[in-house]
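Taking it in order: structure first as structure tokens, then the write-up.
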Amino acid sequence: MDCLFCKIVSGDIPADVVFDGERTLAFRDIAPKAPVHILVVPKVHYPDAATVAAADPALVGELITTAGQVAADQGVSEGGYRMIFNTGADGGQTVFHAHLHLLAGTKLPW
Ligand code: AMP
């Protein structure tokens with residue numbers, strides 16, 4: 001399957017990885033929209049977050065737990081952060097491998 005984030009998971013495409021877990025991987029977004037902008041993905045391919053939730057609800061929890069751990073590692077837990085799952089084209093999703101955006105490091109505008 002020709003999936004960008006599957007290739008990052010497999011190591012075929014390089015990424016700035018900040019967390020490598022059993023079932024989740026976190027790496028810096030290549031075009032950050034905030035001082036801290038990290039993507040958390042399941043290592044197994046699912047097209048979007050709702051599909052992950054339907055197939056493996058525990059894995060959604062692991063994505064959020066990973067984001068919380070990464071936020072702590074990045075020193076932004078206290079200041080706060082935002083977690084976003086863009087879902088589908090109208091939701092702004094452009095890469096169809098489920099991913100959680102972790103945004104932090106500034107007062108987010110909305
Ligand atoms: P979305 O628009 O919600 O599907 O988010 C996809 C995100 O992937 C965007 O924020 C992109 O900047 C990011 N992105 C695209 N290619 C790469 C890459 N090779 N490494 C890291 N992040 C990427």
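Counting starts at 1 for both ligands and their atoms, in listed order. Quantities reported herein were computed from a predicted structural model and do not represent experimental measurements. The residues of the chain are indexed from 1 along the displayed sequence. Just so it is clear, the values below take in all heavy atoms, side chains as well, and ignore hydrogens, waters and symmetry mates.
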Under 4.0 Å from ligand 1, counting heavy atoms only, is it the side chain of [X], its backbone, both or neither?
| X | answer |
| --- | --- |
| R28 | backbone |
| L39 | side chain |
| T94 | both |

Non-hydrogen atom of G92 closer than 4.0 Å to ligand 1: yes
contact_flag I13 ligand 1 heavy-atom lt 4.0 Å: no
What I'd like to find out is whether the side chain of [X] reaches to under 4.5 Å of the side chain of [Y], using heavy atoms alone.
| X | Y | result |
| --- | --- | --- |
| K7 | D2 | yes |
| D20 | K43 | yes |
| I64 | L100 | yes |
| T24 | P42 | no |

Mutual orientation of the aromatic rings belonging to F27 and F5 [parallel < 30°, tilted 30-60°, perpendicular > 60°]: perpendicular
Salt-bridge present (D16, R28; N to O < 4.0 Å): yes
Short list, please: which atoms of ligand 1 are under 4.0 Å from a heavy atom of [X]?
| X | value |
| --- | --- |
| F27 | 21 (C) |
| H99 | 1 (P), 3 (O), 4 (O), 5 (O), 6 (C) |
| L4 | 15 (C), 16 (N), 17 (C) |
| A31 | 12 (O) |

May I ask you to check whether [X] has an N/O atom sitting below 3.5 Å from an N/O atom of ligand 1?
| X | answer |
| --- | --- |
| F5 | no |
| Q93 | no |
| I30 | yes |
| D29 | yes |

Ring centroid separation H99 to H101 under 6.0 Å: yes
Stepwise side-chain contact (heavy atoms from CB on, under 4.5 Å) test for V40 and F19: CA-CA 9 Å; V40 183; F19 177 90; over 6 Å; no
Shared hydrophobic cluster, L102 / V18 (ILVMFWY, side-chain heavy atoms < 4.5 Å): yes
